[in-house]
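Quick caveat, the model's predicted, so the values are computed rather than measured.
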Amino acid sequence: MFRHFLERESDTLEGVVRSKRSKRLPTVLSRDEVRSILSNLEDIPQLIAKLLYGSGLRLREALNLRIKDPDWEFNQIRYLENP
């Protein structure tokens, strides 16, 4: 940032060690694998799985949702962690 935007060198970064890049790539399911998993679930577990997959919610967030949290008019979930 200093070099490219401020056009000067930073003197406070001496001795800072860069983090190592991960050698493993994350495992990602294909669309067919996701479709297969979702089709084998029913009712509430399927709804929770679809929420996790489609919205990026964490498991605890999805399990703590209340009936008033989805805002259907704006296609949003209004989740408050500490209501």
Side-chain angles (χ1 to χ4, degrees):
M1 179 182 97
F2 278 90
R3 189 177 305 131
H4 296 288
F5 295 108
L6 301 176
E7 297 177 354
R8 67 184 182 99
E9 291 295 322
S10 170
D11 55 345
T12 60
L13 295 178
E14 291 178 24
V16 174
V17 179
R18 285 187 172 265
S19 62
K20 296 178 182 176
R21 289 188 180 248
S22 175
K23 294 180 182 178
R24 295 183 305 131
L25 292 176
T27 303
V28 179
L29 298 174
S30 70
R31 289 184 181 188
D32 289 334
E33 291 170 325
V34 171
R35 195 174 292 118
S36 174
I37 291 170
L38 293 176
S39 69
N40 285 302
L41 298 173
E42 295 178 0
D43 302 325
I44 300 298
Q46 185 183 58
L47 176 63
I48 298 296
K50 285 181 176 181
L51 274 171
L52 295 174
Y53 181 72
S55 68
L57 288 176
R58 294 179 181 97
L59 180 58
R60 181 58 53 195
E61 292 169 340
L63 295 175
N64 285 337
L65 283 177
R66 297 168 297 173
I67 195 70
K68 68 179 191 174
D69 290 336
D71 185 342
W72 302 111
E73 183 178 346
F74 293 103
N75 265 349
Q76 295 178 348
I77 297 175
R78 298 179 182 263
Y79 176 77
L80 299 175
E81 191 164 332
N82 294 321

field: Arg35 to Asp32 - nearest heavy-atom pair and separation
entry: NH1-OD1, 2.8 Å
message: Tell me whether Tyr53 shares a hydrophobic cluster with Leu57, the cluster being built from Ile, Leu, Val, Met, Phe, Trp, Tyr side chains joined at under 4.5 Å.
response: no
statement: Nearest heavy-atom approach of Leu38 to Gln46 is O-NE2, 2.8 Å
- request: Please name the pair of heavy atoms, one in Arg58 and one in Glu61, separated by the smallest distance, quoted to 0.1 Å.
  value: N-OE1, 2.9 Å
- prompt: In this structure, which one of Ile77, Leu59, Leu63 forms a side-chain contact (heavy atoms from CB on, under 4.5 Å) with Leu51?
  reply: Ile77
- prompt: Hey, what do you get for NZ (Lys20) to NZ (Lys23), rounding to the nearest 0.5 Å?
  reply: 8.0 Å
- request: Check Ile48 against Ala62 and note the closest heavy-atom contact, atom names and distance.
  value: CD1-O, 4.0 Å
message: Taking CD in Glu33 as the centre, count heavy atoms belonging to other residues, nucleotides or ligands within less than 6.0 Å. Is the count above 12?
response: yes
